**Q** 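Input: one structure, supplied below.
Note that this is a predicted model, so its numbers are computed, not measured. To find a chain, count down the sequence lines: A is the first, B the second, and so on, and within it residues start at 1.
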Protein chains: 2
Amino acid sequence: MDGPAPNIPPLLPRALRVADTLRERMLDGALADGEKINEARLAAELGVSRTPLRTALHALAAEGLLDYAPNRGFTVRDFSAELIDEAFEIRAALEGLACRFAARHGLSPDARRAAEAALAEGEAVVETNRCGADELQRYRAANVAFHETILAAAGNRQLADTLRLVLNRPGPSLRRIVAFTPIDIRRRVDDHRRILEAISTGDPWRAELLMREHVSGIRGGAAKG
Amino acid sequence: MDGPAPNIPPLLPRALRVADTLRERMLDGALADGEKINEARLAAELGVSRTPLRTALHALAAEGLLDYAPNRGFTVRDFSAELIDEAFEIRAALEGLACRFAARHGLSPDARRAAEAALAEGEAVVETNRCGADELQRYRAANVAFHETILAAAGNRQLADTLRLVLNRPGPSLRRIVAFTPIDIRRRVDDHRRILEAISTGDPWRAELLMREHVSGIRGGAAKG
DNA sequence: TCCATCGCTATTGAATACAATCTTGCCTGC
DNA sequence: GCAGGCAAGATTGTATTCAATAGCGATGGA
């Protein structure tokens with residue numbers, strides 16, 4: 001076969017691509033908060049007809065990223081600063097739950113290996129005692145891998161879906177985490193180790209609590225009570 | 001003006017009506033788990049064209065009620081028994097969070113009145129010592145009112161949205177709660193009173209814990225964790 | 001001057017028509 | 001008899017067209 005890439009699905013439907021694009025723009029802030037969406041204009045800009053665009057818009061509204069008023073169209077939802085804090089607490093609660101599930105079920109050998117690897121990578125970054133773009137990139141990847149491994153180990157698709165919706169919101173996106181001093185990273189990696197320990201020793205409630213505190217701490221503060 | 005009803009919005013868009021209908025059918029089980037959806041057939045059955053139907057389907061997929069595979073269509077997601085337990089734990093975590101937020105902010109006079117009223121109605125039902133269809137209906141209404149009041153008092157729209165998604169899933173829907181012995185109801189109303197107390201005295205963490213236990217208990221069991 | 005009403009325009013909602021993709025069964029060749 | 005591929009039908013994806021609604025300014029009256 002001389003085809004260039006046999007396993008690329010022929011082409012994702014436009015509606016999905018459009019939805020991804022719009023999500024992207026909201027994360028980038030290219031779509032301002034509260035902005036009203038004009039279907040015809042946006043469709044032209046994206047080079048598609050209104051049909052797939054409308055499909056994407058309704059899906060995003062169902063995800064909670066857009067507001068929709070019948071006969072009045074879509075507006076970009078407002079995600080201002082205090083909303084971000086709230087989103088982090090939701091995320092903390094859900095990830096804590098995932099952690100408890102994972103501890104209850106126990107880790108599969110594969111999952112354990114993946115978690116250990118992510119943890120080791122994080123610790124390796126800490127060992128460098130440096131905090132350049134390269135280290136930051138490595139840490140972020142390891143961090144995402146760790147959290148996703150736990151989420152997968154929870155074995156609860158509904159929870160994964162729910163969490164994904166929260167993470168897709170502009171505020172609490174993992175890629176938005178910016179405050180990275182070496183101390184922060186060290187602290188977080190240490191959190192990860194303790195979380196993994198609690199899961200390994202089969203202590204679901206402790207695992208949940210630790211994960212909850214960990215995620216709350218990412219946003220940068222003690223719990224507010 | 002002799003118009004019959006001036007404030008009824010002329011008619012909800014078909015897409016929204018169709019989405020509601022389909023949600024309804026999934027809750028009723030009229031759409032079986034894993035069933036593949038044929039757009040043309042379903043559209044004809046509902047008396048609409050494929051356009052609003054597809055809008056509704058994509059929205060439901062975004063909510064997590066349907067599976068969607070590009071170029072292969074939609075299938076009804078499977079919500080079997082063990083998934084319902086998991087959904088209840090998600091619901092417990094989220095409602096617990098709502099409870100904590102409500103306690104942190106404090107209740108507005110209106111919210112307090114509404115919560116007290118719902119609680120009183122529940123207690124009135126308990127006082128009857130009867131458990132017929134009528135009492136059950138009254139209790140259910142009071143129960144929903146109580147939970148919604150707290151959710152509103154939490155003042156966190158993202159949380160409300162997230163919780164709504166979970167509640168809309170076939171399993172944990174509030175209307176599906178069936179085990180209603182007088183003892184169950186008494187217990188739940190008592191839970192409500194304690195929760196309201198914790199909120200009133202400004203004890204966020206206790207409020208959260210109580211609500212979490214309360215919701216977990218609805219599904220009928222001690223936490224498994 | 002202010003308010004209500006009418007009608008025009010811009011925008012959204014839905015249906016139909018068409019294109020692309022997948023599925024299925026048959027046929028050919030081995 | 002079986003594997004592979006090809007073609008026809010079915011199903012999904014997109015564009016275009018038309019209908020319905022909301023927004024808004026003009027116009028006329030009080």
**Q** If I take atom OH in residue A:Tyr68 and atom C1' in nucleotide D:dA22, what distance separates them, rounded to the nearest angstrom?
**A**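 Whole-Å distance recorded here is 13 Å.
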
**Q** Below 4.0 angstrom, which residues in residues 32-59 of chain B have at least one non-hydrogen atom near DNA chain D?
**A**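 Per residue number, the list reads B:Lys36, B:Ile37, B:Asn38, B:Glu39, B:Arg50, B:Arg54.
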
**Q** A:Arg72 CZ to D:dA20 C1': how many Å, rounded?
**A**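 The answer, rounded to whole Å, is 15 Å.
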
**Q** For A:Arg72, enumerate each residue passing the salt bridge (Lys or Arg N to Asp or Glu O under 4.0 Å) test, keeping only those at least two apart in sequence or located in another chain.
**A**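 A:Arg72: no salt bridge (Lys or Arg N to Asp or Glu O under 4.0 Å) contacts found.
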
**Q** Using a strict 4.0 Å threshold on nitrogen-to-oxygen distance, state whether B:Glu121 and B:Arg138 make a salt bridge.
**A**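 Result for this pair is yes, salt bridge flagged.
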
**Q** Partners of A:Arg23 by salt bridge (Lys or Arg N to Asp or Glu O under 4.0 Å), sequence neighbours excluded?
**A**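 Per chain and number, A:Arg23 pairs via salt bridge (Lys or Arg N to Asp or Glu O under 4.0 Å) with A:Asp20, A:Glu63.
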
**Q** Distance-only criterion, 3.5 Å: show the donor-acceptor pairs between side-chain atoms of residues 111-119 of chain B and protein atoms not counting sequence neighbours.
**A**
| from | atom 1 | to | atom 2 | distance (Å) |
| --- | --- | --- | --- | --- |
| B:Arg112 | NH1 | B:Ser200 | OG | 3.4 |
| B:Arg112 | NH2 | B:Ser200 | OG | 3.3 |
| B:Arg113 | NH2 | B:Asp110 | OD1 | 2.5 |

**Q** Would you indicate what B:Phe74 reaches in the nucleic acid, counting non-hydrogen atoms under 4.0 angstrom: base, sugar-phosphate, or nothing?
**A**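 Nothing, no nucleic acid heavy atom in range.
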
**Q** For A:Ser49, check side chain to side chain donor-acceptor pair (under 3.5 Å) against everything at least two apart and list the hits.
**A**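 If we apply the side chain to side chain donor-acceptor pair (under 3.5 Å) test to A:Ser49, skipping adjacent residues, there are no hits.
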
**Q** May I ask you to list the residues of residues 14-21 of chain B, by number, that have any heavy atom positioned under 4.0 Å from an atom of DNA chain C?
**A**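 The stretch gives B:Arg14, B:Ala15 as the residues lying under 4.0 Å from the strand, ordered by number.
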
**Q** Quick one: salt bridge (Lys or Arg N to Asp or Glu O under 4.0 Å) partners of A:Asp33, sequence neighbours excluded?
**A**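 Once residues adjacent in sequence are excluded, A:Asp33 has no partner under the salt bridge (Lys or Arg N to Asp or Glu O under 4.0 Å) criterion.
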
**Q** Restricting to salt bridge (Lys or Arg N to Asp or Glu O under 4.0 Å), what partner residues turn up for B:Asp67, sequence neighbours left out?
**A**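 For B:Asp67, the residues satisfying salt bridge (Lys or Arg N to Asp or Glu O under 4.0 Å) (neighbours in sequence not counted) are A:Arg157.
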
**Q** Who pairs with A:Thr149 by side chain to side chain donor-acceptor pair (under 3.5 Å), at least two apart in sequence or on another chain?
**A**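 Once residues adjacent in sequence are excluded, A:Thr149 has no partner under the side chain to side chain donor-acceptor pair (under 3.5 Å) criterion.
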
